[in-house]
Amino acid sequence: MRIGELARRSGVSERSLRYYEANGLLRAERTPGGHRDYGEWAVDRVISIQALYAAGLNSKKIAQLLPCMRDGDGTPSESATPRLVDELTAERGRLDRMIADLIRSRDVLDGIINTASTGLEPPTLPGANAGGQRTEPVSA
């Protein structure tokens with residue numbers, strides 16, 4: 001498939017695909033006319049690259065990791081080294097710490113929202129429900 005089709009199917013710009021290729025993250029065959037030609041496997045590869053970027057990995061780390069991953073063709077890779085596993089484990093620890101920090105920040109924000117919301121509720125009148133509506137008949 002040509003670069004435009006890969007961009008459409010993967011949701012990634014052609015410019016990004018060229019960047020991936022320049023950084024060794026993606027490879028393409030060339031047609032006799034010089035156009036890039038990608039196999040079906042490239043869609044899964046690009047989606048994997050995007051997921052790794054979203055996880056906070058840089059292109060250098062992704063380039064190390066990609067040979068260890070299975071593409072859409074399901075072929076196994078034996079390129080994982082103990083050092084790479086250690087580096088990825090450390091990266092996962094960094095992500096875990098970031099997630100814990102975000103959860104703490106969310107909890108603080110929840111407390112502030114709850115405190116601020118308490119002061120915003122209208123006063124409840126005797127004989128009124130939570131919405132301020134009278135529940136007892138008015139005597140004439």
Side-chain angles (χ1 to χ4, degrees):
M1 84 185 78
R2 297 278 175 89
I3 193 168
E5 183 179 349
L6 179 57
R8 182 183 56 74
R9 289 180 56 191
S10 64
V12 175
S13 71
E14 291 181 22
R15 182 177 181 193
S16 292
L17 295 174
R18 287 186 199 97
Y19 174 83
Y20 297 166
E21 190 174 337
N23 284 279
L25 306 178
L26 186 64
R27 68 182 188 289
E29 301 296 322
R30 293 289 182 160
T31 65
H35 297 282
R36 289 173 173 84
D37 188 28
Y38 298 95
E40 285 296 317
W41 59 269
V43 176
D44 290 332
R45 172 60 60 100
V46 171
I47 291 169
S48 294
I49 292 168
Q50 287 291 293
L52 294 169
Y53 273 125
L57 298 171
N58 61 39
S59 58
K60 183 177 178 183
K61 185 67 68 182
I62 293 171
Q64 289 177 309
L65 179 61
L66 284 174
C68 303
M69 297 177 67
R70 294 175 187 237
D71 280 325
D73 63 6
T75 56
S77 173
E78 299 176 10
S79 302
T81 64
R83 179 178 175 203
L84 180 59
V85 171
D86 289 345
E87 290 174 4
L88 293 174
T89 301
E91 189 65 32
R92 187 179 193 288
R94 183 187 69 81
L95 291 174
D96 286 341
R97 289 186 297 279
M98 289 174 60
I99 290 167
D101 289 344
L102 286 170
I103 289 171
R104 280 191 294 277
S105 296
R106 183 191 63 197
D107 290 346
V108 169
L109 186 57
D110 283 345
I112 293 168
I113 290 168
N114 288 337
T115 301
S117 297
T118 303
L120 297 177
E121 293 186 25
T124 304
L125 301 173
N129 65 17
Q133 303 295 318
R134 286 193 67 77
T135 57
E136 299 172 358
V138 177
S139 54

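A quick note: this is a predicted structure, and the numbers were derived from the prediction, not measured.
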Nearest 0.5 Å please: distance from the CD atom of Gln64 over to the CG atom of Leu57.
-> 10.0 Å

Linking I/L/V/M/F/W/Y whenever any side-chain heavy atoms sit under 4.5 Å apart, do Trp41 and Leu52 land together?
-> yes

Under 3.5 Å, side chain of Asn23 to main-chain N/O of Leu25, donor-acceptor pair present?
-> no

What distance do Ile112 atom CD1 and Asp107 atom CG have between them, rounded to the nearest 0.5 Å?
-> 11.0 Å

Do the side chains of Arg106 and Leu102 get nearer than 4.5 Å, heavy atoms only?
-> no

Nearest heavy atoms of Arg94 and Gly56, plus distance in Å | NH2-O, 3.5 Å

Please report the closest heavy-atom contact between Ser16 and Val12, naming both atoms and the distance.
-> CB-CG1, 3.3 Å

Residue set satisfying salt bridge (Lys or Arg N to Asp or Glu O under 4.0 Å) with Asp101, at least two apart, ordered chain then number -> Arg104

Is there a donor-acceptor pair under 3.5 Å between the side chain of Asp37 and the backbone N or O of Arg2?
-> no

Report, as yes or no, whether the 6.0 Å neighbourhood of atom CZ on Arg30 holds more than 12 heavy atoms from other residues, nucleotides or ligands.
-> yes

Return the minimal non-hydrogen interatomic distance between Ala28 and Arg36, and the atom names on each side.
-> CB-CB, 4.0 Å

State which residues pass side-chain contact (heavy atoms from CB on, under 4.5 Å) with Thr89; sequence neighbours excluded, sorted by chain then number.
-> Val85

Intermediate values then yes/no, side-chain contact (heavy atoms from CB on, under 4.5 Å), Ile49 and Arg45 | CA-CA 6 Å; Ile49 292 168; Arg45 172 60 60 100; 4.0 Å; yes

For Val43 and Met1, work out which heavy atoms get closest and say how close.
-> CG2-CE, 3.9 Å

Sorted by chain and residue number, the salt bridge (Lys or Arg N to Asp or Glu O under 4.0 Å) partners of Glu87 (sequence neighbours excluded) come out as Lys61, Arg83

Nearest-0.5 Å distance that lies between atom CG in Leu6 and atom CG in Leu17 | 4.5 Å

Verify same cluster id: Leu95, Leu65 (apolar side-chain graph, 4.5 Å) = no

Hey, does Tyr20 have a side-chain heavy atom less than 4.5 Å from the side chain of Ser59?
-> no

Scan Glu29, Arg27, Glu21, Arg9 and name whichever one has a side-chain hydrogen bond (donor to acceptor under 3.5 Å, both in side chains) with Tyr38.
-> Glu21

State the CG-OG1 distance between Asp110 and Thr115, to the nearest 0.5 angstrom.
-> 10.5 Å

Nearest non-hydrogen partners of Ser13 and Ala7, listed with the distance = C-CB, 4.2 Å

